[in-house]
Amino acid sequence: MDPAYDPQKVESRWYALWEDAGVFRPEINPGGEPFCIVIPPPNVTGSLHMGHALDQSIQDLIIRRKRMQGYAALWLPGADHAGIATQNVVERELAVEGLTRDDLGREGFIEQVWQWKAMSGGRITEQIRRMGFSTDWTRERFTMDDGLSHAVRTVFVQLYDEGLIYRGNRIINWCPRCRTALSDIEVEHEDSVGELVRIRYPFADGEGGVEVATTRPETMFGDTGVAVHPDDDRYRDLVGRTVVLPLADREIPIVADEAVDSGFGTGAVKVTPAHDPLDFEIGERHGFDPLVAIDEAGMMTELAGSFAGLDRDDARAAVKEALAAAGVLVSVTEHAHSVGHCYRCDTVIEPYLSLQWFVQVAPLVGPALAAVERGEIRFVPKRWENFYRNWMENLRDWTISRQIWWGHRIPAWYCDACDEVIVAMEAPERCGCGSTDLHQDEDVLDTWFSSALFPFSTLGWPEETDDFRTFYPNAALVTGYDIIFFWVARMIKLGLHLTGEKPFPDVVIHGLVRAPDGRKMSKSLNNAVDPLEVAEQQGADALRLALIQAAAAGQDVPYQDEWVEAARRFGNKLWNATRFVIGHIGEGSVAPDGGYPEDPRPEAQWILARLAATVRRVDELLDAYKFSEAYDAAYAFAWSEAFDWYLELAKAPLRDGRDDGTLATLGAVLRDILKLFHPVMPFVTEELWSHLVGEGFIATAAWPTPPVVDEPPGFDMFRDLVVGVRRFRADHGLAPRRELAVGIYDPAGWVTDWWVQQLASIAAVSMEALDAPAEQGHTRIVAGEVQGFISLDGLVDVDAERSRLSKELADLTTVLERSRAKLSNDEFIAKAPEAIIAKERRKVAEMEATVDALTGQIADLG
RNA sequence: GGGCGCUUAGCUCAGUUGGCAAGAGCGCUUCCCUUACAAGGAAGAAGUCGGGGGUUCGAGUCCCUCAGCGCCCACCA
């Protein structure tokens with residue numbers, strides 16, 4: 001073994017070996033209970049970022065442990081075609097060459113995207129491998145592959161036949177830059193201060209007019225009326241009259257509508273059905289035909305007269321000027337509101353009237369809510385269930401058509417002869433009317449439509465494949481809270497509807513990894529940390545352990561280099577502990593499982609008891625998805641108990657010659673520590689396993705189940721005694737190995753003398769068993785029922801020692817008094833549980849003994 | 001306009017169903033190159049758990065309230 005732990009070296013060789021041996025395939029555990037997680041599919045053209053690293057570290061932790069527990073564990077990898085995002089990337093590439101997608105044509109462009117995917121799509125899978133994530137690559141899927149495309153068409157046809165998918169002319173969110181419709185959740189609202197413009201629309205007959213208020217004066221060319229609230233006394237008499245639209249010289253009516261908020265602006269609203277969702281509804285109620293004043297590129301239409309062809313922003317300024325010139329601009333005031341932006345390109349969204357496909361969500365919502373209400377699907381942490389519920393209860397229909405080219409083309413064909421719409425799995429040859437003049441819908445589906453099917457489409461659905469029968473429902477879903485709406489909710493809705501079963505029982509929600517400054521990591525802020533770079537420098541193992549330890553309970557976690565460094569040092573600790581053990585027992589001499597020695601010596605009993613308690617605790621926490629707490633416990637056990645105490649203690653008998661009992665205990669404990677850490681540090685633990693056990697993979701070894709052992713109570717007294725001796729030396733400026741004579745008063749025989757000699761510095765403590773507490777000229781270390789006495793002769797300043805002991809006594813007395821008060825409180829005795837009272841009594845007894853000892857000690861100092 | 005989260009050591013954060021003599025990592029102080037590890041060891045300092053009120057035998061943990069920070073949702077013309 002190399003004397004130093006080198007993450008790069010260790011992490012380069014194992015992945016291929018695991019993969020070649022089929023370790024990641026569920027078949028590795030034939031007969032095991034199935035356990036499946038599907039990966040939240042990353043964008044095929046993207047690269048791994050810190051968010052993926054956290055998300056996937058959690059999933060691999062779950063999967064690797066289940067695999068070790070004997071489950072047929074499947075972590076199914078895949079990638080998402082990410083329609084708009086990928087199309088934008090490829091379009092940007094083309095733009096560099098001065099080309100647009102139109103230059104290539106639809107087929108040529110799609111061909112280009114596939115080429116791009118072939119080139120860059122392998123990158124993220126390489127990165128997943130580099131991180132050591134144990135996905136079964138033989139089952140890798142892509143949302144645009146044949147199987148998943150087939151599933152998508154199947155779903156579309158089924159939902160259409162059921163009336164849950166329909167086509168309609170509605171106001172949708174339009175991104176003028178991407179030139180496509182977006183669903184409601186693809187719009188990001190940002191608060192901004194805009195202008196509220198008041199305009200007077202003069203009456204068609206007679207003097208005066210009505211003032212309307214708008215933030216978007218340029219849309220006035222699409223106005224079809226003015227609406228007021230029916231109960232608004234100011235305007236009651238005006239309903240039914242007609243005004244003239246300024247700059248357009250078109251007459252429009254004043255109508256009454258309940259939807260108008262008479263408290264807002266002037267209480268009179270210009271109705272522009274084609275450019276505002278509320279106006280669209282008002283327009284429908286009053287029989288207005290929508291007029292499109294802004295086109296799909298965000299340019300003013302012919303309707304805008306002399307403003308036609310202007311960009312909507314330029315038009316706004318120009319229209320205001322023209323209104324002012326016409327004398328109908330009443331006022332312009334600041335107005336805070338929020339403006340929708342495209343989540344892919346940040347362009348201001350245009351509400352736009354167009355013919356789109358929708359999923360009717362109302363019938364899907366009931367079962368999706370009920371499954372959570374009944375506890376069949378539970379979110380961890382639970383508070384995300386409210387989040388899910390609140391959103392689900394206020395859903396509008398889902399716009400699923402996108403006017404882009406990269407994606408699943410909508411399986412609808414239109415007959416040019418009779419306007420028939422045919423929705424089918426494959427292109428029909430002829431229409432019912434006999435015509436063969438059919439053309440397919442130009443649009444593609446929302447990427448999230450195919451993602452929503454991921455838990456089952458990846459397993460072969462709609463075919464009844466073995467994998468589908470075995471691994472559906474999945475065992476759990478792990479993802480960040482940022483895609484609960486986009487992905488989780490839709491998987492639940494469609495999963496329940498299409499398969500009749502919940503897609504998964506547990507939804508494990510984690511937080512987002514933030515930049516060290518607490519802000520969101522982003523390329524534009526230049527504060528993103530690349531996980532692959534960290535892996536190169538500190539090791540993937542270190543990054544993984546750090547993320548797991550830092551990411552508690554679904555909270556966001558600011559990324560800190562220090563955590564990764566600490567985790568790497570832990571890897572080094574494992575490395576060197578293993579080196580030490582192997583130095584004594586040789587390579588490959590520890591059994592892969594079991595082999596817990598029945599060594600009656602208290603130090604062995606202690607560490608085995610602690611091991612069993614730790615494994616039990618880690619299991620409980622991991623079963624409850626409390627990853628960070630679980631690994632805090634495992635880390636503390638390994639470092640602060642096994643290595644700092646047991647391993648140090650073991651040095652004494654090993655130095656004196658071979659001691660099989662100690663070696664067996666040491667080997668079993670270290671082996672189980674490696675097993676506990678394998679799910680988070682797969683590489684280094686596998687490497688160390690190859691030396692320590694040298695048989696099979698730790699990746700497929702059995703998860704530890706050490707026998708439960710009682711913890712010998714004296715061990716804590718021993719540790720207190722040793723710390724006391726060490727502290728005595730530190731406090732008095734004595735070198736750590738300065739020889740000391742310590743008398744031990746230990747009537748019950750809790751402590752073994754060589755323990756103290758070993759750990760209170762090798763051979764530097766001469767021990768003497770006392771029959772009674774020593775007096776004058778000694779200082780006293782109180783460790784429960786054990787006391788240590790150190791001669792002060794010529795060693796220390798007695799005054800300093802006295803003041804140290806006095807302070808200790810004073811601090812302890814405060815705490816003691818508090819506990820005594822508690823115990824003398826009748827209500828506490830009456831109402832507190834037995835165990836708590838007993839614990840408090842023990843505490844008091846312990847403290848009283850210590851206080852007595854300290855008091856005696858101070859007196860002895862003279 | 002609704003909803004949620006956060007505020008605990010110098011910094012970044014843990015603290016399950018109320019029982020804490022409040023923890024970790026990093027940083028800091030002192031000592032030590034003891035043949036597993038100086039990427040280390042030992043010892044230590046450091047917190048009125050955001051303010052106020054309440055419930056309770058008992059509150060960092062529950063309730064109310066105030067303040068600050070952050071996030072999400074929303075057809076705020």
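Everything numeric in this text was worked out from a predicted model, so none of it was measured.
- Using a 4.0 Å heavy-atom criterion, one finds that A/Q555 contacts the sugar-phosphate atoms exclusively.
- Not less than 6.0 angstrom separates the ring centroid of A/W384 from the ring centroid of A/F379.
- Phosphate contact (OP1/OP2 of B/rG41, side-chain N/O of A/W639, threshold under 4.0 Å): present.
- Residues that satisfy the ring pair (Phe, Tyr, Trp, His ring centres under 6.0 Å) test with A/F486, not counting sequence neighbours, are A/Y343, A/W448.
- As rounded to the nearest Å, B/rC72 and B/rG54 have C1' atoms that lie 31 Å from one another.
- Looking at heavy-atom distances under 4.0 Å, A/S819 makes no contact with the nucleic acid at all.
- A/L621 comes within 4.0 angstrom of nothing in the nucleic acid, heavy atoms only.
- Contacts of A/W563 with the nucleic acid, taken as non-hydrogen atoms under 4.0 Å apart, include base atoms.
- Going from the P atom of B/rG68 to that of B/rC31 covers 47 Å, rounded to whole Å.
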Note, RNA chain B 5' to 3' with Watson-Crick or G-U pairs under 3.5 Å encoded as ( ), [ ], | and . gives (((((((..((((.....[...)))).(((((.......))))).....(((((..]....))))))))))))....
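- The phosphate of B/rC37 has neither OP1 nor OP2 within less than 4.0 Å of any side-chain N or O from A/R569.
- In this structure, CG of A/L809 is placed 19 Å from P of B/rA21, rounded to the nearest angstrom.
- A distance of about 24 Å separates the P atoms of B/rU16 and B/rC26, rounded to the whole Å.
- Checking the phosphate oxygens (OP1, OP2) of B/rC37, no side-chain nitrogen or oxygen of A/K573 falls inside 4.0 Å.
- Residue-level contact check: A/P351 touches neither bases nor backbone, having no heavy atom under 4.0 Å from any strand.
- The side chain of A/L812 approaches B/rA21 more closely than any other nucleotide in the set B/rA21, B/rC75, B/rC73.
- The A/R579 side chain lies nearest to B/rC37 when the options are B/rC37, B/rG19, B/rC75.
- Between the P atoms of B/rG19 and B/rG60, the separation comes to 10 Å (whole Å).
- Nucleotides B/rC63 and B/rU56, compared at atom C1', are 12 Å apart to the nearest Å.
- The two atoms that bring A/S628 and A/A551 nearest to each other are CB-O, 3.8 Å, heavy atoms only.
- Proximity of A/R726 to the phosphate of B/rA43: a side-chain N or O atom is located under 4.0 Å from OP1 or OP2.
- Neither OP1 nor OP2 of B/rG41 sits under 4.0 Å from any side-chain N or O of A/K651.
- When the side-chain nitrogen and oxygen atoms of A/R727 are compared with OP1 and OP2 of B/rG44, one or more of them lie within a distance under 4.0 Å.
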